[in-house]
Amino acid sequence: MPELPEVETVRRGLAPALVGATIARVELRRHDLRFPFPQRFAARLQGRRVLDLRRRAKYLIADLDDAHSLIMHLGMSGSFRIDDDTPGVFQHKRDKSAAHDHVVFHLDHGKRVVYNDPRRFGCMLLIPTHAIDEEERFRGLGVEPLGDALDAAFLAGAFQGRAAPVKALLLDQRLIAGLGNIYVCEALHRAHISPLRATGLLVTASGRPTAALARLPQAIKDVLKDALEAGGSSLRDHRQIDGSLGYFQHSFRVYDREGAACPTPSCKGTIARVVQSGRSTFYCPRCQK
DNA sequence: ACACTATCCTGCAGGC
DNA sequence: TGCCTGCAGGATAGTG
């Protein structure tokens with residue numbers, strides 16, 4: 001479900017409840033998500049205070065007071081909510097989505113944080129805080145798209161000589177960490193680059209970014225910032241922690257808009273849908289070259 | 001190395 | 001109404 005703007009929205013919503021709080025008890029309602037939970041997961045979290053809640057790529061990182069960090073990934077359908085911790089009573093008791101409330105963090109201040117994930121593609125890990133950067137899954141992560149490291153020269157270096165379509169490389173977390181299907185489609189439209197374009201063709205013979213590629217980093221940053229400001233995109237699962245919906249989906253220019261008119265001023269194109277590496281791509285064949 | 005597929009899992013929308 | 005198919009915001013093991 002969530003890409004960088006949604007994960008960051010979740011982080012901002014959870015932080016006031018989690019940071020500084022002590023975990024009184026953890027209720028594990030199944031033994032695995034995408035992977036089995038770590039050994040003695042609930043016991044190891046009990047009594048720990050949360051020092052900070054950070055984000056790296058699409059991961060949430062809760063630093064604990066025992067020099068370990070709780071790493072959380074929401075997969076496609078993971079979400080958090082905060083409930084009053086009324087004993088035994090679940091807010092969504094009659095709702096069948098309660099069947100997918102997999103982890104409940106009971107906090108010392110009378111609230112509980114509930115992790116819900118129907119498809120269970122999410123995961124939670126516990127690793128020593130100092131070892132996060134060396135951890136296999138983090139070591140391989142690419143640059144943060146909102147950071148200074150993402151610029152045209154960086155992309156030119158990564159794209160040079162490669163035949164893969166630009167959409168595929170932008171989705172590759174080893175290159176840029178945090179983009180997903182929505183924001184890649186949206187950024188490419190803003191930059192007027194076709195998602196089908198071979199990446200190598202966006203680099204000149206001397207290894208410099210073409211004019212089109214030069215537009216891409218800012219297009220990526222702009223769409224992420226706009227989405228963050230809107231609280232992310234709510235298609236089905238994502239909500240802000242207070243329960244309100246993100247509203248960036250109303251600002252999509254191409255995503256999920258097959259057949260609609262291209263929003264580019266004076267472009268008379270129609271948004272098309274194609275499938276690339278098994279996933280829907282939306283773009284305007286007329287103004288994205 | 002690289003490009004692409006299949007796969008994990010559930011829910012939902014659409015066609016018949 | 002039910003049954004079927006395909007699709008969904010991610011990541012990764014496996015294939016040529």
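These numbers come from the heavy atoms of this one structure, side chains and all, not from hydrogens, waters or symmetry mates. Order of the sequence lines sets the chain letters (A, B, ...), proteins ahead of strands, with each chain counted from 1.
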Undergrad: With P as the reference atom in both, quote the distance from B/dT5 to C/dC7 in angstrom, rounded to an integer.
TA: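 14 Å, rounded to whole Å.
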
Undergrad: Tell me the ring pair (Phe, Tyr, Trp, His ring centres under 6.0 Å) pairs involving residues 212-231 of chain A, sequence neighbours left out?
TA: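 Qualifying pairs: none.
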
Undergrad: Tell me every residue that passes salt bridge (Lys or Arg N to Asp or Glu O under 4.0 Å) with A/D151, counting only those two or more places apart in sequence or in another chain.
TA: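 A/D151 satisfies salt bridge (Lys or Arg N to Asp or Glu O under 4.0 Å) with no residue once adjacent residues are dropped.
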
Undergrad: A/L169: which residues meet the side-chain contact (heavy atoms from CB on, under 4.5 Å) condition with it, sequence neighbours left out?
TA: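 A/L169: side-chain contact (heavy atoms from CB on, under 4.5 Å) contacts with A/F159, A/R162, A/A164, A/L175, A/T199.
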
Undergrad: Kindly point out which of C/dG10, B/dA3, C/dA8 is positioned nearest to the side chain of A/R279?
TA: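 Output: C/dG10.
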
Undergrad: Where each pair must be Watson-Crick or G-U wobble with both distances under 3.5 Å, what dot-bracket representation of DNA chain B is obtained, with crossing pairs in [ ] and other-strand partners as |?
TA: .|||||||.|||||||

Undergrad: Listed by chain and number, what are the side-chain contact (heavy atoms from CB on, under 4.5 Å) partners of A/E229, not counting sequence neighbours?
TA: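 Not a single residue meets the side-chain contact (heavy atoms from CB on, under 4.5 Å) criterion with A/E229.
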
Undergrad: Which letter, B, S or -, goes with each nucleotide of nucleotides 4-11 of chain B from 5' to 3', with contact meaning a protein heavy atom under 4.0 Å?
TA: SB--BBBS

Undergrad: Run the side-chain contact (heavy atoms from CB on, under 4.5 Å) test against A/R56 and tell me which residues pass, sequence neighbours left out.
TA: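 With sequence neighbours excluded, A/R56 shows a side-chain contact (heavy atoms from CB on, under 4.5 Å) to A/I61, A/F138, A/L141, A/E144, A/A177, given in chain and number order.
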
Undergrad: Rounded to the Å, how far apart are A/E258 CD and C/dA8 C1'?
TA: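 Rounded to whole Å, this separation is 15 Å.
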
Undergrad: Can you pull out every ring pair (Phe, Tyr, Trp, His ring centres under 6.0 Å) where at least one residue sits in residues 4-41 of chain A? Sequence neighbours excluded, please.
TA: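 Applying ring pair (Phe, Tyr, Trp, His ring centres under 6.0 Å) to every pair that reaches into residues 4-41 of chain A, excluding sequence neighbours, yields A/F37-A/F41.
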
Undergrad: Run the side-chain contact (heavy atoms from CB on, under 4.5 Å) test against A/R273 and tell me which residues pass, sequence neighbours left out.
TA: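 For A/R273 the side-chain contact (heavy atoms from CB on, under 4.5 Å) partners, ignoring immediate neighbours, are A/E258, A/V275, A/S280, A/F282.
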
